[in-house]
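Have a look at the structure below, then the notes.
Bear in mind the structure is a predicted one, so any value in this text is a computation, not a measurement.
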Amino acid sequence: MKNFQNKIIVITGAASGMGAAYADEFAKLGARLALCDVNQEDLRSVSQRVADVIGPDNVYSEVVDVSDRHEVFSFADKVRSNLGNAHVIINNAGIAESSAPIYEMSIEQIEKVTRVNYFGVVYGTKAFLPQLVENNEGAVVNISSIFGLVAPPNTADYSATKFAVRGFTEALSVEFMQSPITIHCVHPGGIATNIAKNTDSEEFEKLFLTTPPHDIAKHVIKNIKKGKVKIVYGNQASKVW
(Lines give C-alpha, C1' and ligand atoms only; values in the text may rest on other atoms or scores of the structure.)
Protein backbone atom coordinates (compact mmCIF):
# COMPACT_ATOMS: atom_id res chain seq x y z
CA MET A 1 0.00 0.00 0.00
CA LYS A 2 1.28 3.43 -0.95
CA ASN A 3 -1.46 5.70 0.36
CA PHE A 4 -3.33 5.51 3.67
CA GLN A 5 -5.77 8.38 3.15
CA ASN A 6 -9.24 7.17 4.23
CA LYS A 7 -7.93 3.62 4.64
CA ILE A 8 -9.06 1.70 7.71
CA ILE A 9 -6.18 0.81 10.02
CA VAL A 10 -6.73 -1.60 12.91
CA ILE A 11 -4.28 -1.39 15.82
CA THR A 12 -4.28 -3.72 18.81
CA GLY A 13 -2.60 -2.62 22.03
CA ALA A 14 -3.30 0.96 20.99
CA ALA A 15 -3.54 2.57 24.43
CA SER A 16 0.19 3.24 24.91
CA GLY A 17 3.70 2.76 23.57
CA MET A 18 4.08 1.69 19.96
CA GLY A 19 0.35 1.15 19.53
CA ALA A 20 -0.45 4.74 20.43
CA ALA A 21 2.40 5.92 18.19
CA TYR A 22 0.98 4.00 15.23
CA ALA A 23 -2.38 5.63 15.88
CA ASP A 24 -0.83 9.10 15.91
CA GLU A 25 1.21 8.56 12.75
CA PHE A 26 -1.60 7.02 10.72
CA ALA A 27 -3.93 9.82 11.83
CA LYS A 28 -1.46 12.32 10.37
CA LEU A 29 -1.83 10.47 7.05
CA GLY A 30 -5.63 10.81 7.07
CA ALA A 31 -6.39 7.18 7.85
CA ARG A 32 -9.50 5.98 9.66
CA LEU A 33 -8.67 4.10 12.85
CA ALA A 34 -10.01 1.09 14.73
CA LEU A 35 -8.25 0.84 18.09
CA CYS A 36 -8.39 -1.71 20.88
CA ASP A 37 -6.67 -2.42 24.18
CA VAL A 38 -7.47 -3.81 27.63
CA ASN A 39 -6.69 -0.44 29.26
CA GLN A 40 -9.95 1.47 28.93
CA GLU A 41 -8.78 4.81 30.35
CA ASP A 42 -5.65 5.14 28.22
CA LEU A 43 -7.48 3.84 25.14
CA ARG A 44 -10.08 6.56 25.59
CA SER A 45 -7.31 9.17 25.80
CA VAL A 46 -5.58 7.98 22.61
CA SER A 47 -8.90 7.72 20.78
CA GLN A 48 -9.79 11.29 21.71
CA ARG A 49 -6.36 12.52 20.63
CA VAL A 50 -6.59 11.03 17.15
CA ALA A 51 -10.25 12.01 16.85
CA ASP A 52 -9.13 15.62 17.24
CA VAL A 53 -7.04 15.11 14.10
CA ILE A 54 -9.30 13.01 11.84
CA GLY A 55 -12.74 13.54 13.40
CA PRO A 56 -14.73 11.32 15.79
CA ASP A 57 -16.62 9.59 12.97
CA ASN A 58 -13.32 8.20 11.70
CA VAL A 59 -12.33 6.50 14.98
CA TYR A 60 -13.77 3.35 16.48
CA SER A 61 -12.35 2.01 19.75
CA GLU A 62 -13.22 -0.89 22.00
CA VAL A 63 -11.82 -2.66 25.06
CA VAL A 64 -10.63 -6.03 23.77
CA ASP A 65 -8.56 -8.80 25.31
CA VAL A 66 -6.62 -10.17 22.32
CA SER A 67 -6.08 -13.47 24.12
CA ASP A 68 -9.83 -14.10 23.85
CA ARG A 69 -10.65 -15.38 20.36
CA HIS A 70 -14.34 -14.49 20.62
CA GLU A 71 -13.60 -10.89 21.62
CA VAL A 72 -11.19 -10.44 18.69
CA PHE A 73 -13.60 -11.84 16.10
CA SER A 74 -16.44 -9.76 17.57
CA PHE A 75 -14.21 -6.67 17.33
CA ALA A 76 -13.56 -7.43 13.64
CA ASP A 77 -17.30 -7.61 12.97
CA LYS A 78 -17.87 -4.30 14.75
CA VAL A 79 -15.06 -2.59 12.84
CA ARG A 80 -16.68 -3.69 9.60
CA SER A 81 -20.08 -2.41 10.79
CA ASN A 82 -18.79 0.94 12.05
CA LEU A 83 -16.05 1.81 9.54
CA GLY A 84 -15.99 -0.82 6.79
CA ASN A 85 -13.52 -3.50 5.82
CA ALA A 86 -10.04 -3.08 7.28
CA HIS A 87 -7.10 -2.37 4.99
CA VAL A 88 -4.29 -2.79 7.52
CA ILE A 89 -4.15 -4.86 10.70
CA ILE A 90 -1.31 -4.12 13.11
CA ASN A 91 -1.13 -6.93 15.67
CA ASN A 92 0.81 -4.93 18.23
CA ALA A 93 -0.59 -5.98 21.62
CA GLY A 94 1.94 -7.77 23.80
CA ILE A 95 3.05 -8.33 27.38
CA ALA A 96 6.20 -9.33 29.26
CA GLU A 97 5.92 -10.92 32.67
CA SER A 98 8.64 -11.18 35.32
CA SER A 99 12.12 -12.09 34.09
CA ALA A 100 13.27 -15.45 35.47
CA PRO A 101 14.94 -18.74 34.49
CA ILE A 102 12.53 -21.18 32.92
CA TYR A 103 12.61 -23.52 35.92
CA GLU A 104 11.33 -20.68 38.12
CA MET A 105 8.55 -19.62 35.74
CA SER A 106 5.06 -20.83 36.48
CA ILE A 107 3.06 -22.63 33.82
CA GLU A 108 0.40 -19.95 34.31
CA GLN A 109 2.90 -17.20 33.35
CA ILE A 110 4.00 -19.05 30.23
CA GLU A 111 0.41 -19.69 29.18
CA LYS A 112 -0.60 -16.05 29.75
CA VAL A 113 2.27 -14.65 27.70
CA THR A 114 1.62 -17.18 24.94
CA ARG A 115 -2.09 -16.37 24.76
CA VAL A 116 -1.48 -12.63 24.41
CA ASN A 117 1.73 -12.48 22.38
CA TYR A 118 1.21 -15.38 20.00
CA PHE A 119 -2.46 -16.31 19.89
CA GLY A 120 -3.39 -12.62 19.96
CA VAL A 121 -1.49 -12.25 16.67
CA VAL A 122 -3.08 -15.39 15.22
CA TYR A 123 -6.58 -14.26 16.19
CA GLY A 124 -6.06 -10.74 14.85
CA THR A 125 -4.73 -12.07 11.57
CA LYS A 126 -7.51 -14.63 11.13
CA ALA A 127 -10.24 -12.17 12.11
CA PHE A 128 -9.22 -9.35 9.77
CA LEU A 129 -7.50 -11.09 6.88
CA PRO A 130 -10.80 -11.94 5.14
CA GLN A 131 -11.62 -8.22 5.07
CA LEU A 132 -8.29 -7.45 3.41
CA VAL A 133 -8.84 -10.24 0.88
CA GLU A 134 -12.31 -8.87 0.12
CA ASN A 135 -10.77 -5.44 -0.49
CA ASN A 136 -8.06 -7.04 -2.66
CA GLU A 137 -5.49 -4.80 -0.99
CA GLY A 138 -3.96 -4.32 2.42
CA ALA A 139 -1.21 -5.21 4.85
CA VAL A 140 -0.80 -7.51 7.83
CA VAL A 141 1.77 -6.18 10.29
CA ASN A 142 2.73 -8.56 13.09
CA ILE A 143 4.98 -7.32 15.89
CA SER A 144 7.70 -9.75 16.92
CA SER A 145 10.88 -8.50 18.66
CA ILE A 146 14.64 -8.72 18.41
CA PHE A 147 13.97 -11.49 20.93
CA GLY A 148 12.36 -13.23 17.99
CA LEU A 149 15.81 -13.24 16.38
CA VAL A 150 17.87 -14.19 19.45
CA ALA A 151 16.76 -15.58 22.80
CA PRO A 152 18.53 -14.18 25.88
CA PRO A 153 18.39 -16.03 29.19
CA ASN A 154 15.45 -15.38 31.52
CA THR A 155 13.14 -14.59 28.58
CA ALA A 156 12.05 -18.09 27.55
CA ASP A 157 8.33 -17.32 27.75
CA TYR A 158 8.58 -14.01 25.89
CA SER A 159 11.19 -15.06 23.33
CA ALA A 160 9.32 -18.25 22.46
CA THR A 161 6.21 -16.24 21.57
CA LYS A 162 8.20 -13.79 19.45
CA PHE A 163 9.92 -16.61 17.56
CA ALA A 164 6.44 -18.08 17.02
CA VAL A 165 5.16 -14.77 15.63
CA ARG A 166 8.16 -14.68 13.31
CA GLY A 167 7.53 -18.20 11.98
CA PHE A 168 3.80 -17.60 11.60
CA THR A 169 4.37 -14.34 9.72
CA GLU A 170 7.14 -15.62 7.46
CA ALA A 171 4.96 -18.56 6.39
CA LEU A 172 2.06 -16.17 5.76
CA SER A 173 4.31 -13.91 3.67
CA VAL A 174 5.09 -16.79 1.30
CA GLU A 175 1.43 -17.76 1.04
CA PHE A 176 0.60 -14.18 -0.04
CA MET A 177 3.70 -13.60 -2.17
CA GLN A 178 1.69 -13.15 -5.39
CA SER A 179 -1.08 -11.17 -3.69
CA PRO A 180 -1.72 -7.41 -3.48
CA ILE A 181 -1.82 -7.96 0.29
CA THR A 182 1.61 -7.49 1.87
CA ILE A 183 2.81 -9.25 5.02
CA HIS A 184 5.27 -7.69 7.47
CA CYS A 185 7.10 -8.96 10.55
CA VAL A 186 8.48 -6.21 12.78
CA HIS A 187 11.42 -6.85 15.12
CA PRO A 188 11.69 -3.82 17.44
CA GLY A 189 14.87 -3.27 19.42
CA GLY A 190 15.07 -1.06 22.50
CA ILE A 191 11.88 0.97 22.17
CA ALA A 192 11.00 3.29 25.06
CA THR A 193 7.73 1.66 26.13
CA ASN A 194 6.32 0.28 29.39
CA ILE A 195 6.45 -3.39 28.38
CA ALA A 196 9.75 -4.11 30.18
CA LYS A 197 9.18 -2.07 33.31
CA ASN A 198 8.30 -5.13 35.40
CA THR A 199 11.06 -7.31 34.03
CA ASP A 200 14.27 -5.30 33.88
CA SER A 201 16.37 -3.00 35.97
CA GLU A 202 16.31 0.78 35.86
CA GLU A 203 19.80 0.67 34.35
CA PHE A 204 18.62 -1.62 31.53
CA GLU A 205 15.71 0.71 30.83
CA LYS A 206 17.97 3.77 30.72
CA LEU A 207 20.65 2.17 28.51
CA PHE A 208 18.58 -0.04 26.21
CA LEU A 209 15.03 1.32 25.93
CA THR A 210 15.97 4.53 24.15
CA THR A 211 14.25 4.62 20.74
CA PRO A 212 11.06 6.76 20.76
CA PRO A 213 7.92 4.80 19.77
CA HIS A 214 7.00 7.34 17.09
CA ASP A 215 10.34 6.70 15.35
CA ILE A 216 9.59 3.02 14.81
CA ALA A 217 5.98 3.78 13.84
CA LYS A 218 7.17 6.08 11.05
CA HIS A 219 9.80 3.53 9.99
CA VAL A 220 7.23 0.72 9.80
CA ILE A 221 4.82 2.86 7.76
CA LYS A 222 7.62 3.66 5.32
CA ASN A 223 8.40 -0.05 4.93
CA ILE A 224 4.76 -1.04 4.51
CA LYS A 225 4.80 1.23 1.46
CA LYS A 226 7.92 -0.58 0.23
CA GLY A 227 6.40 -4.01 0.85
CA LYS A 228 9.34 -5.07 3.02
CA VAL A 229 8.63 -8.30 4.90
CA LYS A 230 11.24 -8.21 7.69
CA ILE A 231 11.48 -4.86 9.48
CA VAL A 232 14.25 -4.60 12.09
CA TYR A 233 14.49 -1.26 13.90
CA GLY A 234 15.37 0.30 17.24
CA ASN A 235 18.28 0.55 19.62
CA GLN A 236 20.65 -2.44 19.15
CA ALA A 237 18.23 -4.11 16.69
CA SER A 238 20.48 -4.12 13.62
CA LYS A 239 23.48 -5.16 15.68
CA VAL A 240 21.58 -8.11 17.17
CA TRP A 241 20.27 -9.10 13.73
Side-chain angles (χ1 to χ4, degrees), residues 1-37 43 46-47 49-55 58-61 66 79 83-94 120-121 124-125 128-129 131-132 135-146 148 162 165-166 169-170 172-173 176 179-193 195 209-235 237-238 241:
M1 293 187 67
K2 305 295 184 183
N3 182 5
F4 300 103
Q5 181 76 35
N6 292 322
K7 302 298 185 182
I8 298 165
I9 316 297
V10 180
I11 305 167
T12 71
S16 63
M18 288 188 294
Y22 286 122
D24 289 335
E25 295 303 325
F26 276 111
K28 293 176 185 176
L29 299 175
R32 306 173 72 200
L33 299 176
L35 311 176
C36 75
D37 203 289
L43 179 63
V46 172
S47 299
R49 186 168 74 225
V50 295
D52 289 342
V53 177
I54 58 178
N58 292 314
V59 181
Y60 176 75
S61 65
V66 298
V79 170
L83 296 177
N85 280 346
H87 296 89
V88 178
I89 168 66
I90 301 184
N91 289 304
N92 167 76
V121 168
T125 301
F128 285 98
L129 192 52
Q131 297 183 19
L132 276 59
N135 287 336
N136 201 35
E137 69 169 338
V140 177
V141 183
N142 292 336
I143 310 302
S144 177
S145 169
I146 56 167
K162 295 305 184 178
V165 168
R166 173 187 171 187
T169 309
E170 288 180 0
L172 187 65
S173 73
F176 278 82
S179 166
I181 297 166
T182 57
I183 311 297
H184 311 269
C185 190
V186 182
H187 296 273
I191 310 299
T193 69
I195 192 168
L209 304 180
T210 60
T211 300
H214 286 80
D215 285 5
I216 190 170
K218 287 184 277 193
H219 183 79
V220 168
I221 290 170
K222 180 175 69 175
N223 282 281
I224 293 173
K225 292 179 179 180
K226 292 180 179 179
K228 188 174 183 180
V229 175
K230 187 185 291 289
I231 303 171
V232 182
Y233 186 83
N235 184 35
S238 295
W241 187 20

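Residues Asp215 and Tyr233 have side chains in contact (heavy-atom distance under 4.5 Å, counting atoms from C-beta outward). Contact of the Val50 side chain with the Asp24 side chain is registered, since non-hydrogen atoms from C-beta on lie closer than 4.5 Å. Side-chain contact check for His187 versus Arg166: some heavy-atom pair is nearer than 4.5 Å. Leu129 places a side-chain heavy atom less than 4.5 Å from the side chain of Leu172. Looking at Lys7 and Val88, their side chains never come closer than 4.5 Å, going by heavy atoms from C-beta outward.
Note: Asn142 CG to Thr125 OG1 = 4.0 Å, rounded to the nearest 0.5 Å. One finds the CD1 atom of Ile181 at 5.0 Å from the CG atom of Leu132 (value rounded to the nearest 0.5 Å). Here NZ of Lys222 is found 12.5 Å from CD of Glu25. Values are rounded to the nearest 0.5 Å. We find the CD1-CD1 distance between Ile216 and Ile221 to be 11.0 Å, quoted to the nearest 0.5 Å. Between Ser47 atom OG and Asp52 atom CG the span is 11.0 Å, to the nearest 0.5 Å.
Between the side chains of Asn223 and His219, a donor-acceptor pair is found at a separation under 3.5 Å.
In terms of heavy atoms, Cys185 sits closest to Thr169 at CB-CG2, 3.7 Å. Across all their heavy atoms, Leu83 and Leu33 have their closest contact at CD1-O, 3.5 Å. Minimum interatomic distance between Ala86 and Phe128 (heavy atoms only, all atoms of both residues): CB-CD2, 3.8 Å. Taking each heavy atom of Ala139 and Met1 in turn, the nearest pair found is N-SD, 4.3 Å. Minimum interatomic distance between Ile11 and Ala23 (heavy atoms only, all atoms of both residues): CD1-N, 3.5 Å. Closest non-hydrogen pair, Asp37 versus Ala14, comes out as OD2-N, 3.2 Å.
Each of Ile231, Val165, Val186 was compared with Ile143 under the side chain to side chain contact (heavy atoms under 4.5 Å, CB included) criterion, and only Val186 meets it.
Side-chain atoms of Lys2 come within 3.5 Å of backbone atoms of Lys225 as a donor-acceptor pair (strictly under, hydrogens ignored). Looking only at distances, a side-chain donor or acceptor of His184 sits under 3.5 Å from a matching main-chain atom of Lys228. Distance alone, capped at 3.5 Å, is enough to place a donor-acceptor pair between the Thr12 side chain and the Asn92 backbone.
In this structure, Phe4 and Phe26 have perpendicular ring planes: the angle between them is above 60°, well past the 30° mark.
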